[in-house]
Protein chains: 2
Amino acid sequence: MGVSEFKIEEFLKQHNIKPSYQRMKIYNYLIKYKSHPTVDEIYQALVDEIPTLSKTTVYNTLKLFLDNKIIQLITIEENETRYDADISIHGHFKCLECGRVYDVWLDMTKMKLKGLDEFRINESHVYFKGTCSKCLIKHKN
Amino acid sequence: MGVSEFKIEEFLKQHNIKPSYQRMKIYNYLIKYKSHPTVDEIYQALVDEIPTLSKTTVYNTLKLFLDNKIIQLITIEENETRYDADISIHGHFKCLECGRVYDVWLDMTKMKLKGLDEFRINESHVYFKGTCSKCLIKHKN
DNA sequence: GTATCTGCAAAACATTTGCAATTCT
DNA sequence: AGAATTGCAAATGTTTTGCAGATAC
């Protein structure tokens, strides 16, 4: 496991979140796999280990994490809400063939904006869609 | 009306879309108001004028427009799919106070991307959230 | 013992699907 | 008439809500 359970427990406490078993497992899943999972993917991945787990708890927990700003929400596809424990400013790329979501590091400070004079920007989101390198290589074979 | 019905009829025909009454009204709504509406907003706006209108038709029509690439889909908020008849490359800004969605013109060519080597990018999307100038002015009063 | 957390079941929405009625040519 | 379009009703899928039981301090 990339981050020890103890560290996660401390981390959640520092953010005013009581570190219940379910919460620690869900947060651990997010930082371990970095796969930008949906609610259902998190639920399916953990239900074997936590047989009593309910989707309601996954929803409740993610909402709590969002409110406390330790995760961010990724909206790429309509009807598909994803979550990311990396809250640094970065974009995403979704491969339309395999469905994987990748991180994209970009410098948005150079981007000139027209039409936002006098607006207050709180959040900036960038995402791309296309075909990832893994899928492109498959085509060659 | 900004664009005559005749022009819309011709436009749809040019894109292999049979210009039914409903389709012309829906397309007209999109180009007239440029408000990036949801399905429900379109439906509510037109149902007075077309009392038999159903949401199914709005869904069908928007899907047809998307397939024929005369509109684009905007995904800003999870659970809220919006549509835009302006298919040029631009971003959007959603005001978290009044809910309005604005167009943002930006030059993305200057944006340096890290992590997308060998990827094929088909679509690029940029959006912002915050407070628009109209709402900021309200605060001063 | 009291607060909180969890999870079932039902409700609330948004979107899709099947199909019959309507419209257009 | 024949093909396409419309729209109702039901189904689907996701997220939210109410609440009762379990758990933690």
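Order of the sequence lines fixes the chain letters, A, B, ..., with proteins taken first and strands second; residue numbering starts at 1 for each chain.
In this structure, OH in A:Y102 is found 3.0 Å from SG in A:C132, a value given to the nearest 0.5 Å. Here the OG1 atom belonging to B:T57 is positioned 15.5 Å from the NZ atom belonging to B:K25, to the nearest 0.5 angstrom. Here OH of A:Y59 is found 10.0 Å from CD1 of A:I42. Values are rounded to the nearest 0.5 Å.
Looking only at distances, no side-chain donor or acceptor of A:R82 sits under 3.5 Å from a matching main-chain atom of A:L73. Between the side chain of B:E41 and the main chain of B:T38, a donor-acceptor pair closer than 3.5 Å is present. With hydrogens and angles ignored, the 3.5 Å screen pairs a side-chain donor or acceptor of A:H36 with a backbone N or O of A:V101. Checking side-chain atoms of A:D86 against main-chain N and O of A:S88 turns up a donor-acceptor pair under 3.5 Å.
Around the CD1 atom of B:I50, the shell of radius 6.0 Å holds more than 12 heavy atoms that belong to other residues, nucleotides or ligands. Annotation for A:Q14: atom CD counts as buried by contact number, over 12 foreign heavy atoms lying within 6.0 Å. When the shell of 6.0 Å around CG of B:L66 is examined, it contains more than 12 heavy atoms from other residues, nucleotides or ligands.
In this structure C:dA3 sits in the syn conformation; its chi angle is within 90° of 0.
Within residues 55-64 of chain B, the residues that have a heavy atom under 4.0 Å from DNA chain C are, in order of number, B:T56, B:Y59. Annotation: proximity of residues 68-87 of chain B to DNA chain D (heavy atom, distance under 4.0 Å) is found for no residue. Residues from residues 45-54 of chain A placing a heavy atom under 4.0 Å of any atom in DNA chain C, listed by number, are A:T52, A:L53, A:S54.
Remark: C:dA3 base-pairs with no nucleotide in the shown strands. Criterion, Watson-Crick or G-U wobble with two distances under 3.5 Å.
Every residue two or more places apart in sequence or in another chain was checked for a ring pair (Phe, Tyr, Trp, His ring centres under 6.0 Å) with B:F128, and none qualifies.
Ion pairing of A:D103 with A:K34 is absent here, as no side-chain N (NZ or NE/NH1/NH2) approaches a carboxylate O to less than 4.0 Å.
Note: B:Y127 and A:H125 have parallel aromatic rings, judged against thresholds of 30 and 60 degrees for the angle between ring planes.
Centroid-to-centroid, the aromatic rings of B:Y27 and B:F11 come within less than 6.0 Å.
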Verdict with reasoning, B:V126 to B:H90, per side-chain contact (heavy atoms from CB on, under 4.5 Å): CA-CA 8 Å; B:V126 179; B:H90 63 286; over 6 Å; no

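The outermost nucleotides of DNA chain D lying under 4.0 Å from heavy atoms of chain A, listed 5' to 3', are D:dT14 to D:dT17. In 5' to 3' order, the nucleotides of DNA chain C bounding all contacts with chain A (an atom under 4.0 Å from a heavy atom) are C:dT4 to C:dA9.
Both A:V39 and B:Y43 lie near DNA chain D, and the one whose nearest nucleotide falls closer to the 5' end is B:Y43.
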